[in-house]
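Report on one structure; see the data block that follows.
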Amino acid sequence: MPRAVDRNYCKRLVREMFRRECGALKGFDFVVRLQSGALPRPQTVRVELRELLSGLLRKCGDREPVVDHG
(Lines give C-alpha, C1' and ligand atoms only; values in the text may rest on other atoms or scores of the structure.)
Protein backbone atom coordinates (compact mmCIF):
# COMPACT_ATOMS: atom_id res chain seq x y z
CA MET A 1 0.00 0.00 0.00
CA PRO A 2 1.69 3.18 -1.12
CA ARG A 3 -0.37 5.60 1.00
CA ALA A 4 0.37 5.86 4.72
CA VAL A 5 -3.27 6.62 5.47
CA ASP A 6 -4.32 3.25 3.98
CA ARG A 7 -1.60 1.35 5.86
CA ASN A 8 -2.58 3.01 9.14
CA TYR A 9 -6.25 2.22 8.53
CA CYS A 10 -5.43 -1.47 8.07
CA LYS A 11 -3.30 -1.45 11.23
CA ARG A 12 -6.20 0.01 13.20
CA LEU A 13 -8.56 -2.69 11.91
CA VAL A 14 -6.15 -5.45 12.89
CA ARG A 15 -5.43 -3.94 16.32
CA GLU A 16 -9.15 -3.66 17.06
CA MET A 17 -9.69 -7.31 16.14
CA PHE A 18 -6.88 -8.41 18.43
CA ARG A 19 -8.10 -6.12 21.22
CA ARG A 20 -11.54 -7.76 21.10
CA GLU A 21 -10.03 -11.24 21.24
CA CYS A 22 -7.20 -10.58 23.70
CA GLY A 23 -8.45 -13.18 26.20
CA ALA A 24 -8.25 -16.07 23.74
CA LEU A 25 -4.96 -14.87 22.25
CA LYS A 26 -2.83 -14.50 25.37
CA GLY A 27 0.57 -16.08 25.00
CA PHE A 28 0.74 -15.63 21.23
CA ASP A 29 2.73 -13.17 19.13
CA PHE A 30 1.51 -12.35 15.62
CA VAL A 31 2.80 -10.73 12.47
CA VAL A 32 0.09 -9.67 10.00
CA ARG A 33 1.05 -8.97 6.39
CA LEU A 34 -1.12 -8.09 3.43
CA GLN A 35 -0.69 -10.20 0.31
CA SER A 36 -1.91 -7.54 -2.08
CA GLY A 37 -1.68 -3.78 -2.30
CA ALA A 38 -5.46 -3.35 -2.47
CA LEU A 39 -7.22 -1.78 0.48
CA PRO A 40 -9.44 -4.53 1.93
CA ARG A 41 -12.95 -3.82 3.14
CA PRO A 42 -13.26 -3.77 6.96
CA GLN A 43 -15.72 -6.67 6.99
CA THR A 44 -13.37 -8.74 4.80
CA VAL A 45 -10.48 -8.09 7.18
CA ARG A 46 -12.54 -9.11 10.19
CA VAL A 47 -13.85 -12.30 8.57
CA GLU A 48 -10.46 -13.42 7.26
CA LEU A 49 -8.64 -12.71 10.52
CA ARG A 50 -11.34 -14.47 12.53
CA GLU A 51 -11.02 -17.56 10.30
CA LEU A 52 -7.22 -17.56 10.53
CA LEU A 53 -7.18 -17.10 14.30
CA SER A 54 -9.89 -19.70 14.89
CA GLY A 55 -7.93 -22.22 12.82
CA LEU A 56 -4.77 -21.47 14.77
CA LEU A 57 -6.53 -21.84 18.11
CA ARG A 58 -8.11 -25.15 17.02
CA LYS A 59 -4.64 -26.46 16.16
CA CYS A 60 -3.42 -25.46 19.61
CA GLY A 61 -6.16 -27.63 21.10
CA ASP A 62 -6.54 -26.14 24.56
CA ARG A 63 -7.73 -22.70 23.46
CA GLU A 64 -11.24 -21.44 22.78
CA PRO A 65 -12.21 -20.48 19.20
CA VAL A 66 -12.45 -16.79 18.33
CA VAL A 67 -16.00 -15.43 18.67
CA ASP A 68 -17.25 -12.26 17.02
CA HIS A 69 -18.37 -9.67 19.58
CA GLY A 70 -19.64 -7.07 17.22
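- The cluster map of Ile, Leu, Val, Met, Phe, Trp and Tyr, joined by side-chain heavy atoms under 4.5 Å apart, puts Val47 and Leu53 in different clusters.
- If you take CG on Leu13 and CG on Asn8, they are separated by 11.0 Å, rounding to the nearest 0.5 Å.
- In terms of the salt bridge (Lys or Arg N to Asp or Glu O under 4.0 Å) criterion, Glu51 has no residue partners (sequence neighbours excluded).
- Val14 and Leu52 are assigned to two separate hydrophobic clusters, defined by single-linkage of ILVMFWY side chains at heavy-atom distances under 4.5 Å.
- Applying the salt bridge (Lys or Arg N to Asp or Glu O under 4.0 Å) test to residues at least two apart or on different chains, the pairs with a partner in residues 4-15 are Arg3-Asp6.
- Atoms CE and CZ, on Met17 and Arg46 in that order, are 8.5 Å from each other to the nearest 0.5 Å.
- Listed by first then second residue, pairs satisfying ring-ring contact (aromatic ring centres under 6.0 Å, His included) with a partner in residues 3-24 read Phe18-Phe30, not counting sequence neighbours.
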